[in-house]
Amino acid sequence: MVGIDFSMENIKKCLCNKCAVQIESQCVRDKQKIMLLITQQDLDSPMRMDEERVPGLYCSTGMASCKDIDPKKVCKCNECSIWDQYKLVAQRYFCQNGSANISQ
Ligand code: SF4
Ligand code: SF4
């Protein structure tokens, strides 16, 4: 099955970090702090970016592991370049609904 790559390039494009749905989540903030530490470290660091550590790119990885997010707020996916690139059209709220369905 074709999916959206879980890559550093796509993590950088993802707008989930700026999304109101998760901006007040303590769990997400904690993950963001760890991500910042990882990006500041050398490539040979034992701490690596993995799906569990990244609070975003849910269109690739599926539902959020943080449970203190607020899906009543507005999703930003439709402003994202990956959303355009993969023509995700009616699909949003991947943190709630799971990863994107891609028809190719
Ligand atoms: S998937 Fe959508 S609703 Fe969820 S955090 Fe990302 S931008 Fe916000
Ligand atoms: S479509 Fe949504 S979940 Fe996927 S990269 Fe963009 S903002 Fe993140």
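This structure is a prediction, so every number in the text was calculated from the model and none was measured. Hydrogens, waters and symmetry mates play no part in the numbers below; they use all other heavy atoms, side chains included. Start at 1 and go down the list; that is how both ligands and their atoms are numbered.
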Pairwise distance CE(M35) to CG(N17) - rounded to 0.5 angstrom: 6.0 Å
Is a side-chain donor or acceptor of S60 paired with a backbone partner of I4 at a separation under 3.5 angstrom? yes
So which protein heavy atom does atom 6 (Fe) of ligand 1 come closest to, and at what separation? C16 SG, 2.3 Å
Please work out which of C75, C80, A100 has its closest non-hydrogen atom nearest to atom 2 (Fe) of ligand 1. C75
Would you check if there is a donor-acceptor pair between the side chains of Y86 and Q91 at a distance under 3.5 Å? no
Please write down residue, atom name and distance for the protein heavy atom closest to atom 4 (Fe) of ligand 2. C59 SG, 2.3 Å
Give the atom numbers and elements of ligand 1 that come within less than 4.0 Å of a heavy atom of C77. 1 (S), 2 (Fe), 7 (S)
When rounded to the nearest 0.5 Å, the distance separating CD1 of I23 from CG of D70 is 12.0 Å
Give me the residue, atom name and distance of the protein heavy atom closest to atom 8 (Fe) of ligand 1. C19 SG, 2.3 Å
Numbered atoms and elements of ligand 2 in range of C14, under 4.0 angstrom, heavy atoms: 5 (S), 7 (S), 8 (Fe)
In terms of atom number and element, which parts of ligand 2 are under 4.0 angstrom from non-hydrogen atoms of I82? 5 (S)
Measuring from the heavy atoms of K76, does anything fall under 4.0 Å of ligand 1? yes
Regarding C95, does it place an N, O or S atom less than 2.8 Å from atom 8 (Fe) of ligand 1? no
Where the side chain of Q22 meets the backbone of P55, is there a donor-acceptor pair that is under 3.5 Å apart? yes
Look at atom 7 (S) of ligand 2 and say which protein heavy atom is nearest, naming residue and atom and giving the distance to 0.1 Å. L15 N, 3.3 Å
Near F94, which atoms of ligand 1 are under 4.0 Å from a heavy atom of that residue? 1 (S)
Contacting atoms of ligand 2, where contact means under 4.0 angstrom from a heavy atom of Y58: 3 (S)
Heavy-atom gap G56 to ligand 2 smaller than 4.0 Å: no
Taking all non-hydrogen atoms of both residues, which atom of V21 and which atom of C95 are closest, and how far apart? CG1-SG, 4.2 Å
State whether the side chain of N10 and the backbone N or O of I82 hold a donor-acceptor pair below 3.5 Å, judged by distance alone. no
Might you point out which heavy atoms bring G56 and T61 nearest each other, and give the distance in Å? O-OG1, 4.0 Å
If you apply the rule side chain to side chain contact (heavy atoms under 4.5 Å, CB included), what do you find for R92 with V74, and how did you get there? CA-CA 10 Å; R92 290 165 77 204; V74 179; 3.7 Å; yes
